[in-house]
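None of these values were measured; they are calculated from a predicted model. When a ligand or atom number is given, it counts from 1 through the structure's own listing order.
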Amino acid sequence: MKTSLIIATRNQGKIKEFRELLSEFNINILSQPDFIQINENGNTFAENARIKALEVSGITGEYSLADDSGLCVDSLNGAPGIYSSRYASTDSERISKLLNELKNFENRKARFNAAICIAKKGKVILEVEGKCEGLITYLPRGSNGFGYDPIFEVLETGLTFAEMESEKKKTYGHRGIAFKLLKPGLNKLFEIG
Ligand code: IMP
């Protein structure tokens with residue numbers, strides 16, 4: 001029987017990215033069952049990823065992959081950080097709020113962080129962290145992706161995440177970078193094919 005890996009999130013944008021990143025492995029990729037409610041009460045991205053992966057793998061008995069990610073803006077002392085998803089109720093409200101908070105700041109430096117944890121039966125198997133440096137734009141640009149993608153310009157490319165095709169976001173994005181670090185461990189855990 002194929003090994004199952006449960007992605008511990010309800011964010012469809014993240015599930016889509018992980019499905020693409022994991023496509024070469026011969027595994028069943030499932031999303032988190034609706035009945036599981038997780039209290040993300042860690043103080044860091046890594047702690048929150050661990051909490052989610054341990055909870056989902058503990059309840060299901062399967063491998064679980066959790067990512068905790070967010071945008072840290074220098075002029076806002078690292079906010080919204082681990083509170084990125086709770087910063088406002090919708091993506092467009094989160095974007096407007098952030099642009100508004102930054103309207104008097106010339107320093108637009110920011111970074112996306114992603115911590116990924118894989119656990120099985122309540123035990124941590126792999127943990128990594130990836131970062132992507134960039135600038136917060138003055139206006140949204142592009143229509144791909146999700147979340148803060150239209151206002152995050154990647155330093156190395158001059159494009160926002162929302163202006164990139166998914167292949168390019170995989171190369172430069174925080175989750176793609178974290179995933180590369182995870183890859184040697186994944187190759188040992190799962191069959192390719
Ligand atoms: P969590 O990791 O599910 O707690 O939420 C992370 C939040 O950060 C998401 O809901 C988005 O608002 C934001 N975020 C994380 N990764 C990305 C990304 O790749 N693009 C845009 N926004 C992101």
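Other residues, nucleotides and ligands contribute only 12 or fewer heavy atoms inside 6.0 Å of the NZ atom of Lys188. Within 6.0 Å of the OH atom in Tyr138, the count of heavy atoms belonging to other residues, nucleotides or ligands exceeds 12.
Numbered from 1 in the order shown, with element, the atoms of ligand 1 that lie under 4.0 Å from a heavy atom of Gly147 read 21 (C), 22 (N). Close approach to Asp149 involves these atoms of ligand 1, each under 4.0 Å from a residue heavy atom: 18 (C), 19 (O), 20 (N), 21 (C). Heavy-atom proximity to Arg175, at under 4.0 Å, picks out these atoms of ligand 1: 16 (N), 17 (C), 18 (C), 19 (O). The distance from ligand 1 to the heavy atoms of Glu40 drops below 4.0 Å at these ligand atoms: 4 (O). Within ligand 1, counting atoms from 1 as listed, the ones closer than 4.0 Å to a heavy atom of Asp68 are 1 (P), 2 (O), 4 (O).
Counting only heavy atoms of the protein, atom 10 (O) of ligand 1 lies nearest to Ser85 CB, 3.3 Å. What sits closest to atom 8 (O) of ligand 1 on the protein, heavy atoms only, is Ser84 CB, 3.3 Å. At the top of the distance list for atom 16 (N) of ligand 1, counting protein heavy atoms only, stands His174 NE2, 3.2 Å. Nearest non-hydrogen protein atom to atom 6 (C) of ligand 1 is Ser69 O, 2.9 Å. Here the heavy atom of the protein found nearest to atom 12 (O) of ligand 1 is Tyr148 CE1, 3.3 Å. Counting protein heavy atoms only, atom 1 (P) of ligand 1 is closest to Lys14 NZ, 3.2 Å.
The N/O atoms of Lys169, backbone and side chain alike, include one that comes under 3.5 Å of an N/O atom in ligand 1. Between Asp91 and ligand 1, no pair of N/O atoms sits closer than 3.5 Å.
At least one donor-acceptor pair under 3.5 Å links the side chain of Asp149 to the backbone N or O of Phe146. Formation of a donor-acceptor pair under 3.5 Å by the Glu133 side chain with backbone atoms of Arg111 is not found in this model. Within the 3.5 Å criterion, the main-chain N or O of Ala114 finds no donor-acceptor partner in the side chain of Arg175.
Look at Glu24 and Lys183 and you find a salt bridge, because one of the NZ, NE, NH1 or NH2 atoms lies within 4.0 Å of a carboxylate O, short of that distance. Classification of Lys170 and Glu167 as a salt-bridged pair holds, one side-chain N sitting under 4.0 Å from a carboxylate O. Ion pairing between Glu93 and Lys97 fails under the 4.0 Å rule for side-chain N and carboxylate O. By the 4.0 Å N-to-carboxylate-O rule, Arg108 lies too far from Glu153 to be salt-bridged with it. With salt bridges taken as basic N to acidic carboxylate O contacts below 4.0 Å, none links Lys52 and Asp67.
Checking Phe45, Phe161, Phe112 against atom 23 (C) of ligand 1, the nearest heavy atom belongs to Phe112.
Not a single heavy atom of Thr9 sits under 4.0 Å from any atom of ligand 1. Distances from ligand 1 to the non-hydrogen atoms of Gly70 include at least one value under 4.0 Å.
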